[in-house]
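What follows is a short report on a single structure.
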Amino acid sequence: MPTVLVDANVLLDIATEDPAWFAWSSEAIERAADRGPLAINPIAYAEVSVAYDRIEDLDAHLPADAYQRLPLPWAAAFLAGKCFRDYRRRGGRKRSPLPDCYIGAHAAVAGMSLLTRDARRYRNYFPRLHLISPDRRR
């Protein structure tokens, strides 16, 4: 199985013990880890960091031996810009590229699967991206 890039929302569900999503997110990460390597990128790392006061605590939650720490490829940054352009054309109001644009683009250009519970946005902008999500649609 290819490497699975883990979206910040799944990691935050576990970090915050979210009552609605903790069980699904925990099980999904465990299943994905049983099949192959897990990865995060600097964007997901930054998003998850809001739940922690100290970097040591964040690193304990996201140990490097469990999550490959991958840099964002230049091609993914370009694709994220195109994703953001499409978002704006569809009426989006944000003024800078969204973290999901970077995360989805990274998974797409690197040929990774993406573990997320926010599949709708990724499907809209990255229709060929393999998603692992609660509704299991691809």
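Sequential numbering from 1 along the given sequence is applied to the chain's residues. Values below: every heavy atom of this structure, side chains too, minus hydrogens, waters and symmetry copies.
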Original post:
Just wondering, more than 12 heavy atoms not from Asp34 lying within 6.0 Å of its CG?
Top reply: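 Counting other residues, nucleotides and ligands, CG of Asp34 exceeds 12 neighbours.
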
Subject >> Validation row: Ile103, Glu47 side chains within 4.5 angstrom (heavy atoms) >> reply: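 When only atoms from C-beta onward are counted, Glu47 and Ile103 do touch, with a gap below 4.5 Å.
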
Original post:
Hey, does Ser133 have a side-chain heavy atom less than 4.5 Å from the side chain of Arg123?
Top reply: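 The answer is yes, as the side chains (C-beta and beyond) meet within the 4.5 Å cut-off.
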
Subject >> Worked check of side chain to side chain contact (heavy atoms under 4.5 Å, CB included) between Leu12 and Trp21 >> reply: CA-CA 10 Å; Leu12 283 167; Trp21 289 104; over 6 Å; no

Original post:
Is there a donor-acceptor pair closer than 3.5 Å between any side-chain N or O of Arg88 and the backbone N or O of Lys94?
Top reply: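 Yes.
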
Original post:
Under the 3.5 angstrom rule, does the side chain of Tyr122 hit a backbone N or O of Pro127 as a donor-acceptor pair?
Top reply: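 Absent.
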
Can you tell me how far [atom2] of [Y] sits from [atom1] of [X], rounded to the nearest 0.5 angstrom?
{"X": "Leu115", "Y": "Asp7", "atom1": "CG", "atom2": "CG", "result": "8.0 Å"}
{"X": "Glu27", "Y": "Ile14", "atom1": "CD", "atom2": "CD1", "result": "10.5 Å"}
{"X": "Arg31", "Y": "Ser26", "atom1": "CZ", "atom2": "OG", "result": "10.5 Å"}
{"X": "Asn9", "Y": "Thr116", "atom1": "CG", "atom2": "OG1", "result": "4.0 Å"}
{"X": "Ser113", "Y": "Arg35", "atom1": "OG", "atom2": "CZ", "result": "8.5 Å"}
{"X": "Asp59", "Y": "Tyr52", "atom1": "CG", "atom2": "OH", "result": "10.0 Å"}

Please tell me whether [X] and [Y] are part of a single hydrophobic cluster in this structure, the criterion being side-chain heavy atoms less than 4.5 Å apart.
{"X": "Leu11", "Y": "Ile55", "answer": "yes"}
{"X": "Tyr102", "Y": "Val50", "answer": "no"}
{"X": "Phe84", "Y": "Phe78", "answer": "no"}

What heavy-atom pair brings [X] and [Y] nearest, and what distance separates the two atoms?
{"X": "Leu129", "Y": "Met112", "result": "CD1-O, 3.5 Å"}
{"X": "Leu70", "Y": "Pro42", "result": "O-CD, 3.2 Å"}
{"X": "Ala66", "Y": "Leu38", "result": "O-CB, 3.7 Å"}
{"X": "Arg93", "Y": "Tyr87", "result": "N-OH, 3.2 Å"}
{"X": "His61", "Y": "Val48", "result": "CD2-CG1, 4.4 Å"}
{"X": "Tyr125", "Y": "Arg90", "result": "OH-CD, 3.6 Å"}

**OP:** Applying side chain to side chain contact (heavy atoms under 4.5 Å, CB included), run through Leu98 and Arg121 and close with a yes or a no.
**Re:** CA-CA 11 Å; Leu98 305 169; Arg121 180 176 297 170; 3.8 Å; yes

Original post:
Quick one: do Arg120 and Asp100 make a salt bridge, cutoff under 4.0 Å?
Top reply: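 So Arg120 does not pair with Asp100 through a salt bridge.
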
Original post:
Do Phe126 and Leu131 pass the side chain to side chain contact (heavy atoms under 4.5 Å, CB included) test, and can you show the C-alpha distance, the side-chain angles, and the key distance before you say yes or no?
Top reply: CA-CA 10 Å; Phe126 306 100; Leu131 299 174; over 6 Å; no

Subject >> Worked check of side chain to side chain contact (heavy atoms under 4.5 Å, CB included) between Val6 and Tyr67 >> reply: CA-CA 9 Å; Val6 183; Tyr67 297 92; 4.2 Å; yes

